[in-house]
Amino acid sequence: MGQLFKQYQKELRNILILALLIALSSYLPQLLHFAKTFAGTMVCMGIICGYILGMSLKVYYRIVVMRIKQETAL
């Protein structure tokens with residue numbers, strides 16, 4: 001069973017994401033209304049800033065790991 005899950009892991013993930021989007025689609029009008037408010041704008045900006053910070057830390061971590069591997073290979 002584990003081997004089967006590993007084989008179709010990406011497809012199962014995509015199906016789960018699609019099902020989640022369909023389940024959340026009924027909340028979309030209220031979410032769009034909230035995004036138009038000042039508080040919604042601040043929340044969206046916070047989410048975007050957090051995403052940018054997280055991605056930059058991820059890139060930094062990968063660079064550090066590559067440097068460590070390069071130093072140990074010498």
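FYI, the numbering just counts along the sequence from 1. The basis for the numbers below is simple: all heavy atoms, side chains too, and nothing from hydrogens, waters or symmetry mates.
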* Structure fact -> Distance col, row Thr37:OG1 vs Met42:CE, nearest 0.5 angstrom, shows 10.0 Å
* Structure fact -> Students should find that the hydrophobic cluster of Leu24, defined by side-chain heavy atoms under 4.5 Å apart, otherwise consists of Leu20, Tyr27
Scan the side chains in residues 43-63 for donor-acceptor partners under 3.5 Å anywhere in the protein, sequence neighbours excluded, and list what turns up.
unit_1, atom_1, unit_2, atom_2, d
Ser56, OG, Ile52, O, 3.2
Ser56, OG, Leu53, O, 2.8

* Check the surroundings of atom CD in Glu11: do more than 12 heavy atoms from other residues, nucleotides or ligands lie under 6.0 Å from it? => yes
* To do: Output the distance between atom CZ (Arg13) and atom NZ (Lys10), rounded to the nearest 0.5 Å.
  => 6.5 Å
* **With sequence neighbours excluded, residues passing side-chain contact (heavy atoms from CB on, under 4.5 Å) with Ala73** => none
* Heavy-atom closest contact (Ile22 atom, Ser25 atom, distance) -> O-OG, 2.8 Å
* When rounded to the nearest 0.5 angstrom, what is the spacing between CG in Leu12 and CD1 in Ile17? -> 11.0 Å
